[in-house]
Amino acid sequence: MQVVLSGRACVALLKDGGTWNSIHYEEIDRLVTRQPEEFDVLFAGVRDLDWIEVASIDEVRDRLADAVDSAEALNLVLYLCDNRLSAETLHAAARELEELVVYAEIVDS
Amino acid sequence: MDPNPCEHCAQEIPLDLTNCPHCGHGLICPNVRLASQSKERDALERRFNAAIVDAASRGCEKTVQEFEAAVRNSQAVLGSTLEKLMPIVNRDRDVFATFHDLSELRFLRESSVAGPDWNIARPSAESALLGSRKHIEKLHYAALALDGRSLPHYGELTIRLRENLISSRVSLFQENSAVYVHRHGVTFPEGSRAIWEERHKLCVAKLAGKITKSTGADEFSTILLQKGATAVDDQFVEVLVFGAMTFATFEKVTVRRSTSKASSKSSKRPRPRRGTANERALLNYCKIYKTECELV
């Protein structure tokens, strides 16, 4: 199964033979029927595309969760580098980031 | 397509250009030019007058006049998600995504099998509203509101637009134009759209029939904008903004906190704090750019 996924768009597009589906991070258990021409719409404006081969839907869900959490961890790091943000915001970003940096795969990415 | 004269050099130009091919002068946006055509404005005037006459016959002319006065001060609001807004928040030159830029809007809207195919209905409506397909990727959608509320189906944020930055490039349609195209086809009846300065006429023409002698002023906002069971069922007057919008275009951002994504149950990793930093960062950036912001 061929997959394109983006942590920024929070979506994975799957091609299995002639069948196209998408999985969305917020509803990760749901498989949505797609057409190949919807690619541009699904991934509009994002550059963090990852093209992978996987064996199962569960693996797609797993990789999508990694990609989204990694993208959001990067955002949080960028907040921490922005000295225009308030101490309260930086504190919130640090606490939120703490939830992610305990996972080695997020830190590695 | 009807030719129009350039306001600067008076040479005739097609409706779909945004700069005069003769003198290079910037032109009024195509959606505004179409809504400004005399046949549209005359038809709207007739609908408006008929609504006033009808209100008088029902004994509620005064209440309709009060409604008219209220909607003269109505504002353009749009719903959005934090994910759509945040990429532009800390970069004042980035522009807000349109329907054609953005996937989320389409997938939020695929709510029922029997509903519109937005990939067909939305571009068809845009072509009709602009006179051609040439600029359909440049339209943003908002709704008229009296109390600053937006429609919740489009995200946890309500964004109020700065009138002085949009009024010259806005046209209005009496309802959701894509839903109209889905139900009735791509020909819009004359008098169903308006320019910003005449939005009160469109509102009265469309909604005066819902006003009775006993209607209170506190009901006007719900008459103008009403949430439906799904986005397709929402009742509102559509505001079409032509061209780019940045964070500076936004006068106020309101965040409904209850829809935080922290509750996402299917996440691989438990993240109860997810989204909290985004909300706080938004507050900070709003302060930096002098945009009013409120968490509710």
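Labels below follow one simple rule: chain letters A, B, ... track the order of the sequence lines, proteins then strands, and each chain is numbered from 1. Quick caveat: nothing in here was measured; it's all calculated off a predicted structure.
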Student: If I take atom CG from residue B:N278 and atom CD from residue A:E72, how far apart are they, to the nearest 0.5 angstrom?
Tutor: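 Nearest 0.5 Å value for the CG-CD distance: 7.0 Å.
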
Student: So what's closer than 4.5 Å to chain B heavy atoms on A:I106: side chain, backbone, both or neither?
Tutor: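 When you check distances to chain B, only side chain atoms of A:I106 fall under 4.5 Å.
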
Student: In plain terms, say whether A:E96 and B:R274 are close enough for a salt bridge, that is, a side-chain N and a carboxylate O under 4.0 Å apart.
Tutor: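 Salt bridge between A:E96 and B:R274, a charged N being under 4.0 Å from a carboxylate O: no.
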
Student: I'd like to know if the side chain of A:E99 reaches the main chain of B:R273, judged simply by a donor and an acceptor atom lying under 3.5 Å from each other, with no hydrogens or angles considered.
Tutor: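 Here the side-chain-to-backbone pair exists.
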
Student: CG/A:L85 to CG/B:L282 distance, rounded to the nearest 0.5 angstrom?
Tutor: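 Going from CG on A:L85 over to CG on B:L282, the span is 11.0 Å.
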
Student: Specify the closest pair of heavy atoms between B:A277 and A:A93, including all atoms of both residues, with the distance to one decimal.
Tutor: CB-CA, 3.6 Å

Student: Does the pair B:Y285 and A:T89 meet the rule for a side-chain contact (heavy atoms from CB on, under 4.5 Å), with working shown?
Tutor: CA-CA 11 Å; B:Y285 289 124; A:T89 301; over 6 Å; no

Student: In terms of side-chain geometry, is the basic nitrogen of A:D69 or B:K268 positioned less than 4.0 Å from the acidic oxygen of its partner?
Tutor: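 A salt bridge is absent here (no side-chain N lies under 4.0 Å from a carboxylate O).
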
Student: Between A:Q35 and chain B, with a heavy-atom cut-off of 4.5 Å, which part of the residue counts as in contact: side chain, backbone, both or neither?
Tutor: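 A:Q35 has no heavy atom closer than 4.5 Å to chain B.
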
Student: Count the heavy atoms belonging to other residues, nucleotides or ligands that lie under 6.0 Å from CD of A:E59, then report whether that count exceeds 12.
Tutor: yes

Student: Give, as side chain, backbone, both or neither, the part of A:L76 having an atom under 4.5 angstrom from any heavy atom of chain B.
Tutor: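 The side chain, not the backbone.
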
Student: Less than 4.5 Å to any heavy atom of chain B: does that hold for the side chain of A:N75, its backbone, both, or neither?
Tutor: neither

Student: Taking side chain as everything from C-beta outward and backbone as N, CA, C, O, which of these in A:L90 sits under 4.5 Å from a heavy atom of chain B? Side chain, backbone, both or neither.
Tutor: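 No part of A:L90 comes within 4.5 Å of chain B.
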
Student: Where do A:Y79 and B:N284 land on the side chain to side chain donor-acceptor pair (under 3.5 Å) test, with the steps shown first?
Tutor: CA-CA 11 Å; A:Y79 284 154; B:N284 291 166; over 6 Å; no

Student: Taking every heavy-atom pair that is under 4.5 Å apart, which of A:R95, A:H91, A:R61, A:E98 has the most such pairs with chain B?
Tutor: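 Maximum pair count with chain B is reached by A:R95.
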
Student: Run A:R84 and B:K287 through side-chain contact (heavy atoms from CB on, under 4.5 Å) and show every step you take.
Tutor: CA-CA 10 Å; A:R84 297 174 300 171; B:K287 193 172 179 183; over 6 Å; no

Student: Is it the case that over 12 heavy atoms from other parts of the model lie below 6.0 angstrom from the NZ atom of B:K227?
Tutor: no

Student: Does CZ in B:R169 sit with more than 12 non-hydrogen atoms of other residues, nucleotides or ligands closer than 6.0 Å?
Tutor: yes

